[in-house]
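Heads up: the structure comes next, in structure tokens.
The residues of the chain are indexed from 1 along the displayed sequence.
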Amino acid sequence: MPKQIPEETIEEIRKSNDIVDVVGEYVQLKKQGRNFFGLCPFHGESTPSFSVTQDKQIFHCFGCGKGGNVVTFIMEIEGFNFYQAIEFLANKSGHSLPDHIPNQDKHQSKENQDVLKAYEWLTKLYHHLLRHTKEGKEGYHYLKERGFTDDIIDTFQLGFSPNSKEFTVQFLEKKGYHRQTMVKAGLLSANEENQVTDRFRGRVIFPIRNHLGKTVGFGGRSIGNQEPKYLNSPESELFQKGKLLYNFDLARTSIRKEEEAVLFEGYIDVISAYKAGVINGIATLGTSMTESQAKLLRRYVETVVICYDADKAGFQASFKAAKLLKNVGCKVKVSSMPIGLDPDEYIKTYGADRFKTEVIEASDTYMSFMMKYIKKDYNLNLEGDRIQYVENVVDEISLIERPIEREHYLKELANEFELSIDTLSQEIQSRRQKIGFKQDKPRQSSHTKITKDFTKTKKKLMPAYYNAERHLIAYMIQDTSIAEKVKEELGGAFNVDEHKVIVTYLYGYYEEGYTPNVSHFIEKLPDSDIQGLVVQLSMVPVNQDISDKEINDYIRTIRAEKSEKETIKSLRVEQKNAEKQNDHVKAAQIGMQILEIQKQIKNSNH
């Protein structure tokens with residue numbers, strides 16, 4: 001922990017950042033009882049097992065075991081060290097950190113830090129040139145003609161790179177950046193003669209930011225006959241198109257509020273939709289949607305509306321994106337527009353209100369879209385094509401989990417083709433059995449109950465001393481006087497190594513004068529595995545009025561295990577000595593003693 005940051009400042013920053021709010025920016029959380037649940041961001045899962053406890057300010061995943069407080073969550077999800085996490089949270093809560101703290105950024109290499117800073121400088125430069133100089137007038141007029149207001153230009157930090165080979169090169173060199181580093185980062189270009197020029201010269205600039213709001217790439221739109229029309233930064237460690245979503249940093253709050261994201265194909269569509277009042281829009285970066293992008297969206301939101309161009313390529317891209325999003329557990333809708341239009345053109349032609357009501361709000365369900373998509377390959381005037389079409393649609397319907405939804409589409413299919421609903425139902429059941437769906441799933445129980453069942457199962461499987469240690473530590477985490485009693489009577493003589501580590505740190509924590517606070521305590525622990533275990537133990541149900549007798553029983557159980565283990569260890573030494581002296585009768589008698597003690601231990605643990 002950096003000594004330069006006072007302990008009270010760290011505590012104040014932690015208290016000012018409610019864990020539910022911070023985690024909620026990365027995970028879609030829903031309240032169940034006293035806790036909040038969502039999909040774990042640290043491992044793939046389709047059923048929420050990630051819990052956030054507001055009163056204790058901790059998180060815990062019952063699937064992968066990770067746990068911690070708001071600081072360790074940010075460290076884990078962003079790959080930050082402790083100082084970076086504190087700095088990040090301080091910025092969120094408006095706290096200032098001490099000046100002249102040495103750079104402790106181990107997360108980014110020196111080269112990547114330079115590249116990020118260069119992108120930051122150029123974002124500001126290009127935006128200033130567009131808005132306030134004669135060099136940027138060409139780009140400014142182009143955007144104005146496209147209907148971009150000054151507010152929109154400022155919100156998205158749009159810019160213009162002058163049509164000069166040397167302007168940006170000289171600017172970056174004056175800032176101390178090496179030409180080859182900037183070429184590697186894709187800010188500059190080098191030809192075969194190794195002449196270095198501005199990669200984006202003569203283009204309107206669309207900064208592409210990561211989820212933290214830092215520019216990691218540019219999209220350049222030519223405004224003359226320059227080819228290609230759109231030019232992105234090349235792939236790099238910082239700029240990976242398959243992992244980024246355009247405008248995600250600005251749209252994230254709205255996505256959570258609306259509980260819906262609108263997915264577009266490009267940044268022009270996102271900005272046009274934003275002007276039309278659709279501020280929860282994001283876009284892929286000139287490539288098909290990837291599984292990584294789909295999983296990122298699913299963490300934040302359940303429903304995604306796909307709004308791609310109304311042409312053959314857009315139809316195909318919608319199909320691919322819908323499949324990916326459905327596979328990661330999203331509820332998918334697909335909008336439809338008049339053939340030949342993209343969202344930007346539609347808004348210009350029909351206006352913002354019609355775009356919202358007739359395109360976004362009137363989107364097809366996933367299954368309705370799939371029926372349209374499958375239909376495009378068949379001539380339904382032909383009997384063979386009709387049968388094949390129905391077979392393919394039934395294949396898709398059989399994948400639907402909810403029986404009511406399946407029945408709805410089966411009725412629609414039966415009515416359209418004058419088929420028996422019973423026959424179609426039989427086909428569905430046959431297909432579901434083949435792919436492993438024996439019967440419809442019952443309604444899922446609440447996450448709170450899942451948690452309790454999980455704990456019970458663990459208790460049944462573990463020996464008595466193990467459960468005694470877990471319960472004792474759970475009480476010690478919440479009560480200083482119990483921890484003091486255990487320290488006097490048992491010290492560090494626990495049987496499980498991880499438990500020994502925890503109590504050693506806990507004794508030290510209380511000796512430093514701290515009061516029980518699991519969110520604070522876990523920052524004193526050496527690694528994330530131990531932190532996760534402490535969080536898990538802090539969630540073990542405890543009796544607020546526990547008696548001294550119960551605490552003594554736990555201590556006695558732990559001591560007995562240790563004593564019996566030491567007795568067995570001593571007997572094994574005696575047995576070896578007897579064998580060395582060829583006293584096989586004595587060795588066998590000792591062996592029987594050992595077996596008897598082990599049998600008693602086994603019986604006491606069940």
Side-chain angles (χ1 to χ4, degrees), residues 51 53 56 58-69 72 451-452 454-512 514-544 546-569 597-598 600-602 604-606:
S51 165
T53 307
K56 294 179 181 177
I58 55 174
F59 73 90
H60 178 67
C61 177
F62 292 96
C64 68
K66 285 192 186 295
N69 64 7
T72 57
T451 302
K452 287 178 181 173
F454 176 89
T455 311
K456 279 181 189 172
T457 306
K458 293 290 277 187
K459 281 182 189 172
K460 287 176 187 173
L461 296 174
M462 303 310 290
Y465 75 87
Y466 183 89
N467 287 323
E469 291 186 4
R470 281 172 62 88
H471 277 84
L472 199 53
I473 293 171
Y475 282 106
M476 291 165 70
I477 289 169
Q478 297 184 38
D479 192 317
T480 320
S481 60
I482 292 176
E484 194 60 39
K485 176 182 172 65
V486 176
K487 182 183 173 186
E488 287 174 12
E489 298 196 21
L490 202 58
F494 284 66
N495 294 284
V496 180
D497 288 342
E498 290 88 347
H499 295 168
K500 290 176 187 174
V501 173
I502 291 168
V503 296
T504 302
Y505 276 89
L506 191 59
Y507 296 148
Y509 178 77
Y510 288 140
E511 280 172 10
E512 288 178 40
Y514 296 118
T515 54
N517 181 332
V518 66
S519 177
H520 187 203
F521 171 56
I522 55 180
E523 279 176 17
K524 308 290 182 183
L525 298 171
D527 63 57
S528 58
D529 289 341
I530 297 293
Q531 288 173 343
L533 180 55
V534 168
V535 170
Q536 190 180 334
L537 292 176
S538 74
M539 298 172 80
V540 171
V542 293
N543 178 5
Q544 296 303 322
I546 188 166
S547 64
D548 279 349
K549 181 183 179 304
E550 288 175 90
I551 295 295
N552 289 333
D553 285 344
Y554 287 139
I555 292 171
R556 197 177 300 111
T557 302
I558 295 164
R559 273 183 178 154
E561 173 67 16
K562 196 152 194 73
S563 170
E564 284 158 350
K565 278 182 177 175
E566 285 170 357
T567 302
I568 289 172
K569 191 176 177 182
I597 294 169
Q598 287 174 332
Q600 288 171 7
I601 293 171
K602 190 176 179 182
S604 68
N605 287 336
H606 291 284

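- Of the N and O atoms on the side chains of Glu550 and Ser547, at least one donor lies less than 3.5 Å from an acceptor on the other residue.
- In this structure, CD1 on Ile482 lies 10.0 Å from OH on Tyr554, to the nearest 0.5 angstrom.
- For the atom pair NE2 of His499 and OH of Tyr466, the computed distance is 4.5 Å after rounding to the nearest 0.5 Å.
- Within the 4.5 Å cutoff, the side chain of Thr53 has no heavy atoms near those of the His60 side chain.
- Glu489 pairs by the salt bridge (Lys or Arg N to Asp or Glu O under 4.0 Å) definition with Lys485, not counting sequence neighbours.
- From Ile477, atom CD1 reaches atom CG of Leu472 across 10.5 Å, with rounding to the nearest 0.5 Å.
- Closest heavy-atom contact between Ala474 and Val542: CB-CG1, 3.9 Å.
- Annotation: side chain of Glu469 is not in contact with side chain of Glu498 (no heavy-atom distance under 4.5 Å).
- Here the options are Tyr505, Tyr507, Tyr509, Tyr514, the test is ring-ring contact (aromatic ring centres under 6.0 Å, His included), and the partner is Phe521; only Tyr509 passes.
- A side-chain donor from one of Ser481 and Asp479 sits under 3.5 Å from a side-chain acceptor of the other.
- The shortest non-hydrogen separation linking Ala493 to Ile558 is O-CG2, 3.7 Å.
- Residue Ser538 comes nearest to Ile58 through the heavy atom pair OG-CD1, 3.2 Å, listed as atom of the first residue, atom of the second, then distance.
- Nearest heavy atom pair, residue Thr515 against residue Tyr510, reads C-CE2, 4.2 Å.
- We find the CZ-OH distance between Arg470 and Tyr475 to be 13.5 Å, quoted to the nearest 0.5 Å.
- Among all heavy-atom pairs drawn from Asn69 and Ile522, the shortest one is N-CD1, 3.0 Å.
- In this structure, CD1 in Ile502 is found 4.0 Å from CG in Leu533, a value given to the nearest 0.5 Å.
- Counting all heavy atoms, side chain and backbone alike, Ala483 lies closest to Met476 at CA-CG, 3.8 Å.
- Atom-to-atom distance recorded for Leu490:CG and Ile551:CD1 is 11.5 Å, nearest 0.5 angstrom.
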